[in-house]
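Let me begin by presenting the structure, written as structure tokens, before commenting on it.
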Protein chains: 2
Amino acid sequence: MADHQLTRNQNLVLDALSHADAPLSAYTILDKLRDHGFRAPLQVYRALEKLLEFGLVHRLESINAFVACAHRHDHAHEHGVTAFTICEDCGNVTELCDSVIEERLSFLATQQKFKTEKTTIEIRGHCQTCAAA
Amino acid sequence: MADHQLTRNQNLVLDALSHADAPLSAYTILDKLRDHGFRAPLQVYRALEKLLEFGLVHRLESINAFVACAHRHDHAHEHGVTAFTICEDCGNVTELCDSVIEERLSFLATQQKFKTEKTTIEIRGHCQTCAAA
DNA sequence: TGCCACACGTTATAGCATAACGCAATTGAT
DNA sequence: ATCAATTGCGTTATGCTATAACGTGTGGCA
Ligand SMILES: [Zn+2]
Ligand SMILES: [Zn+2]
Ligand SMILES: [Zn+2]
Ligand SMILES: [Zn+2]
């Protein structure tokens, strides 16, 4: 994976996600970028589509929202299966890459001759900070 | 978990899901039940809410759809973390309960002092039958 | 009887995502 | 240089998913 040259819109969307302290919905991103000329949802969704393709952004299926990838993308780096913890109080998200999970899921799929395309693991609950409060 | 006495609407929704050979969206369920007097989405969503609570139905977050639980509910039976395989061609869904996955995710969460409320694992791809074709 | 809890029905609205059209800029042959 | 193909962009309209808010009816129970 080379470093992709992003378009203006893609950069704006990625910046919005990078500076957010919680996942953002597409429509929230749209609102944040109205001052930069964004007017319609498709402008956001088209940028997100590419950013997802490049691995710079992740989609959180269980909350219909998006986050910037927490990993560095300077070097060629593809991560495999990722589990996300999502705090339902503060929105904090962490990415967990674990080979035990990855291999076990791979084994379970193989066992039933299932050909995996994409795996989603999302753990919703309360982060350390919020659980303490 | 005792055997819950379901209402008419809940039974209709559960039947629709039980007899389907693929996950159904709430609106698809609504259409299937129009002949039985269903007129509005809320009738479906309210039934689903209870069925999810009773563990008789699962929600597939990654495709905004619902399936009847594949396990028997005659006896008291709560399943823990479940991974779903979802065939993108035929819609076939299987439920995988695996203690290795469950314990590993529990360990990972504990490690970062995250308090888990609900875990979603969904593997999308192609089932044995469809992958062969 | 009066109260409460719960399921239900209806209308309206909110929130998430894509279809379809046309235009403009870029690229990469010929 | 020119043409064709690709890609991104902007706009309008539409479709799909989910919930808010209000009112009704029924059964259990003090
Ligand atoms: Zn990442
Ligand atoms: Zn938190
Ligand atoms: Zn189940
Ligand atoms: Zn299949």
Side-chain angles (χ1 to χ4, degrees), chain A residues 2-17 20 22-54 56-67 86 88 91 93 118 120 122 124, chain B residues 2-17 20 22-54 56-67 86 88 91 93 118 120 122 124:
Chain A
D3 58 328
H4 304 275
Q5 186 54 39
L6 301 182
T7 67
R8 170 184 149 82
N9 284 5
Q10 287 160 19
N11 266 314
L12 285 168
V13 169
L14 182 54
D15 276 7
L17 287 172
L24 301 180
S25 76
Y27 277 73
T28 302
I29 296 172
L30 174 59
D31 285 339
K32 283 183 182 292
L33 295 181
R34 286 200 189 277
D35 293 344
H36 294 274
F38 275 49
R39 315 243 101 234
L42 259 191
Q43 296 175 273
V44 177
Y45 281 107
R46 289 204 271 232
L48 285 172
E49 185 180 20
K50 287 298 181 185
L51 293 171
L52 288 167
E53 182 183 325
F54 299 156
L56 297 172
V57 161
H58 298 293
R59 176 195 178 85
L60 301 176
E61 310 276 6
S62 64
I63 59 173
N64 294 322
F66 304 84
V67 287
I86 307 170
E88 292 177 336
V93 171
K118 182 154 191 348
T120 296
E122 297 178 15
R124 293 186 298 296
Chain B
D3 58 326
H4 302 278
Q5 186 53 38
L6 301 183
T7 66
R8 170 184 148 86
N9 283 6
Q10 287 160 18
N11 265 313
L12 285 168
V13 169
L14 182 55
D15 276 7
L17 286 172
L24 301 180
S25 76
Y27 279 74
T28 302
I29 296 172
L30 174 58
D31 285 338
K32 283 183 181 293
L33 295 181
R34 286 200 189 277
D35 292 345
H36 294 274
F38 275 49
R39 315 244 101 232
L42 259 190
Q43 296 175 274
V44 177
Y45 281 108
R46 287 205 272 233
L48 285 172
E49 185 180 19
K50 287 297 181 186
L51 293 170
L52 288 167
E53 184 182 323
F54 298 156
L56 297 172
V57 161
H58 298 292
R59 175 194 179 82
L60 301 176
E61 311 275 6
S62 65
I63 58 174
N64 294 320
F66 304 83
V67 287
I86 307 170
E88 293 178 334
V93 171
K118 182 152 193 348
T120 296
E122 296 177 15
R124 293 186 297 296

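Reckoned from all heavy atoms, side chains included, excluding hydrogens, waters and symmetry mates. Every chain is numbered from 1, with letters handed out A, B, ... down the list of sequences.
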Note to self: Quick test of your reading of the model: are Arg46(A) and Glu49(A) salt-bridged, counting only N-O distances below 4.0 Å?
What the structure shows: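 No, no charged N to carboxylate O under 4.0 Å.
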
Margin query: Under 4.0 Å between a side-chain nitrogen and a carboxylate oxygen: does that hold for Glu61(B) and Lys118(B)?
Written below: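 Salt bridge: no.
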
Gap between atoms [atom1] and [atom2], on [X] and [N] respectively (whole Å):
X        : N       : atom1 : atom2 : result
Leu12(A) : dG8(D)  : CG    : P     : 15 Å
Glu49(B) : dT17(D) : CD    : P     : 19 Å
Leu48(B) : dT17(D) : CG    : C1'   : 12 Å
Gln5(A)  : dT7(D)  : CD    : P     : 16 Å
Arg46(B) : dC8(C)  : CZ    : P     : 8 Å
Tyr27(B) : dA14(C) : OH    : C1'   : 11 Å
Lys50(A) : dG8(D)  : NZ    : C1'   : 9 Å
Phe66(A) : dG15(C) : CZ    : C1'   : 13 Å

Going by heavy atoms in the side chains, are [X] and [Y] under 4.5 Å from each other?
X        : Y        : answer
Leu52(A) : Phe66(A) : yes
Leu48(A) : Leu17(A) : yes
Val57(A) : Val13(A) : no
Tyr27(B) : Val44(B) : no

Check: How about Arg124(B) and Thr120(A): does a side-chain donor come under 3.5 Å of a side-chain acceptor?
Finding: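 Looking only at side-chain atoms, Thr120(A) and Arg124(B) do form a donor-acceptor pair, the distance falling under 3.5 Å.
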
Notebook entry, point to check: Does Ser25(B) put a side-chain nitrogen or oxygen below 4.0 Å from OP1 or OP2 of dT17(D)?
Noted result: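 Checking Ser25(B) against dT17(D): at least one side-chain N or O falls below 4.0 Å of OP1 or OP2.
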
Next item on the list: For dA18(D), take OP1 and OP2 only and decide whether either is under 4.0 Å from a side-chain N or O of Asn64(B).
Entry: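 Affirmative; the distance criterion is met.
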
Next item on the list: Kindly compute the distance separating CG (Leu60(B)) from CD (Glu122(B)), expressed to the nearest 0.5 Å.
Entry: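 It is 5.0 Å, given to the nearest 0.5 Å.
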
Next item on the list: Find the distance between OG1 (Thr28(B)) and CG (Leu33(B)) and round it off to the nearest 0.5 Å.
Entry: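 The OG1 atom of Thr28(B) sits 10.5 Å away from the CG atom of Leu33(B).
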
Checklist line | Sorted by number, the residues of residues 37-45 of chain A with heavy-atom contact under 4.0 Å to DNA chain C | finding: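 By residue number: Leu42(A), Tyr45(A).
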
Check: What bend angle does the helix from dT1(C)-dA30(D) to dT30(C)-dA1(D) show across its length, from five-pair end axes and to the nearest 10 degrees?
Finding: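 Both end axes considered, the difference amounts to 20°.
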
Notebook entry, point to check: Of Arg59(A) and Arg8(B), whose closest DNA chain C nucleotide lies nearer the 5' terminus?
Noted result: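 Checking each residue's closest nucleotide, the 5'-ward one belongs to Arg8(B).
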
Notebook entry, point to check: On DNA chain D, nearest-nucleotide positions of Gln10(A) versus Ile63(B): which is more 5'?
Noted result: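 First, find each residue's nearest nucleotide; the 5'-ward one identifies Gln10(A).
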
